[in-house]
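For reference, the structure discussed in these notes is given below.
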Amino acid sequence: MSTKYGGYMGKVLKINVSTREVTEYPWSDEERRLFIGGKSMAAKILGDNLTSQTKPFSAENLLVITTGPLTGTGAPSSSRFNVSTLSPQTKIITSSNCGGNFGYYLKKAGLDGLVIEGRSETPLWLHIRNGEVVFNDAADMWGLKTGPAQKALDERLAAENGKPVKNGKLVIGPAGENQVLYSAIISNERVAGRGGTGAVMGWKNIKAITASGNQQVRVAEPEKMKALNKKWFKYLRSHPLTGDQLPRLGTAGLVSTMQMNGQLSTKNYNYGRYDDFELVNGETLAEKYNIVNKGCLTCPIKCARTVEVDGKPVKGPELETLGLLGGGILNNDLEAILKWNYELDELGMDTISTASTLAYAMEAREKGLWDNGLAFGETEDISKIWEDIAYRRGIGDELANGSRWLAEKYGGKEFAINAKGLELAAYEPRRAVGLGLGYAVSNRGGCHLNGGYMILLEGLSMNVDPQTPHGKPDMTVMFQDLMEMVSAAGQCLFTTYAFFPPPLISKPHAWYTRAFCKAVPVIGPVLRLLNKFPGMLCFNIPVVFNQSKALKYATGMPMNFGKFFKAGKRSYTLERHINTRFGIRRKDDSLPARLTDVPQIEGDEKTRVPLERMKTVYYHARGWTQDAVPTPRTLKKLGLAGLASYKETCEAFRRGEFQDKPAGRSAGAGKEGA
Amino acid sequence: MVTIKLFGSLRLKTGFKEMQAYASSVSEACALLARATGHDKKEFKNCLFVINGKQGKYSSALAEGDELVLMSPSGGG
Amino acid sequence: MSHVITDACIGCHICAKNCPVSAITGNIKEKHVVDSKLCIDCGLCGRLCPKSAIKDAQGQTVAKLVKDKWEKPVIDQSACVGCSVCAENCPTGCLEICAPRFHGDIRTIAELSRPDDCIGCHICGRVCPIDAISYKSN
């Protein structure tokens, strides 16, 4: 199905790995216009195919790999791809976005996306050669770790062709093969980590997917696109965050900032500060261990680190890994973290969920709930634990199911730090309550990025009062929507940091910065208005927000900031609409009691997340019922009335299945009232 | 005597990590740092100041034994 | 898009031997063919062909050119941001992102690390998102 729009290759393939049947997945221009690409496109595909009865580990579950229209157009930081599926970890739809180079090569192979269904009987390696799917046997690769597996793929492709073949790769490690619920998909050194996409791929018996080809992305307005790119690259390089902080320190640079703000999760989120943080922060990483900055293909920011482990240059840890495997388990040995980070990538596991599950297990032992031999600060045998998890041996077999599962078995739900089954990142939300709301309501579970990343304003780069709930829900909605669409268009979320003009970041004491920070909590009503009527923003924002203009030049669609924003809303609400099918309601948009009931600073009632109160405002701003169900009116307003499930929702509402006011709402709000 | 520490990208740019010095206010500490590193005082003035774990201002006073942390603007993860 | 071999081909096999993506096949002394699914339009076959028997994607005959005359990329050091698109697309891997010049170098950019391997294909310049690559012959 070819397309009139630029930026797309115009073809999505559906691959049934049971029957080895390959067909074109129908994806129309109307759908391209509404859902753009990436996670949004994947959500539409999943929504159309999954029923409430679909199980994550079943032939009916789909593994959807999609790219965005900006991928391959030369836009900065645009080599990304998205993997979506029904998550075995959270039991709702999940999406994981990854750098790597697979997205770029998938488009070179002439495809916008892959929809994989069924289950192969034998291990499989799919090679996408210029739009054709070649099914290869992968029995000899099964069991390989992700590094050797990728090497083997290159060798096999080179052997077939006579010369090395440039290609993009996706592989799983032993963790994915053994269906560790938080196993990842690896592309080069980058990881699509969250939500257990690797486990689904492993269950389907797919060890690897590679793509190669010689096709080029057609851009609708190439001259304008190039002119914009030139300015954009330059701006990103000159911005204090994307041109200085991230290249110099990587994401790891935040450890010190979070420590100062009391936002560094320590000892399984008991505290917000870690005394030994100086041994495991980004500055130490940069000064002592970083060999060279690396970046994804097409990216000028280069936030990735390269460090040496056992004499080999390997990928360095990101902030979340440093935070959770450092202070999170009271470990001050940075070299150990470098090694673990490498080992977890090799095994193909999400470092966030692994670390957080481990921290839960340590606390469960400390509290006498589960005698597992683990203890905070005792880190000699941790490498063995990773292997045990990946191969599901001993206690590893239980740890492989994540903290929610463990808490259901052993108790201690209040300190199993997850939301909807997905473990939280390293940011302590009690000292950044806006992010706390984001974690709770995020469509894929406890994710800082899908949650709107309010912490950026609440101390990381700006100084908005981190404890006030005012203005945060509306701001969260706005950020979530914009980030959703930046991601769906195929770009890295780090390009959005440039949304804040450089002086706001580099001059924190200037009057305008202080005025901005003071204004955020009180401009909620204004944001609400924009959230309700995104169409009002019928212009492009120059210099700082190029995404909407780039999308217009690349695709030729009518596009401006408002339309871009609205597309993000559509996508976010669509994901929630699908999750409603799997029973997600207000009660599921929750955080562990430690974060909502226990103040981080004893006696300071403000240092906890006033969640229920913010949720009420949030749902209102979203146009969802107070039970977190998107109303037919909202769906229709966002252009989702064409969905097959729209009618069912209308009928369910007519039958009164979804109450607007959940029982006990006022009681909950009263208890928390800050 | 106060302890002055520097974090963030400015630390990598200047190579300065920490020192013990006599300074009675944040502004004085910034001046000391500028002299010690040869960088413009403005760069330090634009940092965030944390005194003993609490946010301070450029005009804040320092007492004997205080720990002053300067943070240059941060990014994201 | 792909290069094509015309009937002037004498089957000398030089193109097939040198094609960086192994897109050309054929027996010696028989007409060779380019696999359009593999061809990356680097034009090396045309520059090497003794009979000028190769046409590019636009239908123009590719001129034979001795190796010394091949145009090599010159990277604008102040414009390059090190996004590595050129290096990733270089068919021979002669472009690379340079090693850090000092510890903590955040301005690593592309460089022609193995100029002898360059086949003068101009692909790097075509894909560079910010036109930081120009060409000159020796």
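By convention in this document, chain letters (A, B, ...) are assigned in the order of the sequence lines, proteins followed by strands, and residues within each chain are numbered from 1. Please read all numbers here as calculations on a predicted model, not as lab measurements.
For the atom pair C:Leu38 CG and A:Arg129 CZ, the distance stands at 7.0 Å (nearest 0.5 Å). In this structure, the separation between NZ on A:Lys226 and SG on C:Cys128 is 6.5 Å, given to the nearest 0.5 Å. In this structure, the separation between SG on C:Cys83 and CG on A:Asn229 is 9.5 Å, given to the nearest 0.5 Å. Distance check: C:His103 NE2 to A:Asn290 CG gives 6.5 Å after rounding to the nearest 0.5 Å. One distance of note links NZ of C:Lys37 with OG of A:Ser212; it measures 11.0 Å at 0.5 Å rounding. How far SG of C:Cys80 is from CZ of A:Phe233: 9.5 Å, rounded to the nearest 0.5 Å.
With a 4.5 Å cut-off on non-hydrogen atoms, A:Glu132 touches chain C through its side chain but not through its backbone. Interface residue C:Asp105: only backbone heavy atoms are found under 4.5 Å from chain A. Looking at A:Lys108, the atoms closer than 4.5 Å to chain C (heavy atoms on both sides) all sit in the side chain, from C-beta outward. For a residue to count as touching a neighbouring chain, one of its non-hydrogen atoms must lie under 4.5 Å from one of that chain's; by this rule C:Ser2 does not touch chain A. Heavy atoms of C:Ala23 lying under 4.5 Å from chain A are absent altogether.
Note on C:Asp131, C:Thr108, C:Ile40: by heavy-atom pairs under 4.5 Å with chain A, the leading option is C:Asp131. With chain A as the partner, the residue from C:Asp41, C:Asn89, C:Ile97 showing the most heavy-atom pairs under 4.5 Å is C:Asn89. Interface check for chain C: of the options A:Ile301, A:Leu236, A:Asn161, the most heavy-atom pairs under 4.5 Å are formed by A:Asn161. Note: A:Glu287 leads A:Met225, A:Gln215, A:Lys231, A:Glu287 in heavy-atom pairs under 4.5 Å with chain C.
Counting heavy-atom neighbours within 6.0 Å of C:Lys72 NZ, excluding the residue itself, gives a total above 12. Atom NZ of A:Lys549 has more than 12 neighbouring heavy atoms from other residues, nucleotides or ligands inside a 6.0 Å radius. The neighbour count for A:Lys151 NZ, taken as heavy atoms of other residues, nucleotides or ligands under 6.0 Å away, does not exceed 12. The number of heavy-atom neighbours closer than 6.0 Å to CD of A:Gln216, taken from other residues, nucleotides and ligands shown, is 12 or below. Residue C:Gln77 qualifies as open at atom CD: its count of foreign heavy atoms under 6.0 Å is 12 or below.
In terms of heavy atoms, A:Gly74 sits closest to C:Pro129 at O-CB, 3.2 Å. Closest approach of C:Val81 and A:Arg237 over heavy atoms only: O-NH1, 3.2 Å.
Checked by atom type and distance alone, the side chain of C:Ser84 never pairs as donor or acceptor with a backbone atom of A:Leu297 at under 3.5 Å. Side chain of A:Lys302 to backbone of C:Arg107: no donor-acceptor contact under 3.5 angstrom is found. Side-chain atoms of A:Asn214 come within 3.5 Å of backbone atoms of C:Cys39 as a donor-acceptor pair (strictly under, hydrogens ignored). Between the side chain of A:Arg248 and the backbone N or O of C:Ile106 there is no donor-acceptor pair closer than 3.5 Å. Judged by distance alone, the side chain of A:Lys166 and the main-chain N or O of C:Cys90 form a donor-acceptor pair under 3.5 Å.
For the pair A:Tyr104/C:Val85, a side-chain contact is recorded, criterion being any heavy-atom separation below 4.5 Å from C-beta on. You'll find the side chain of C:Val21 stays beyond 4.5 Å of the side chain of A:Lys163, heavy atoms only.
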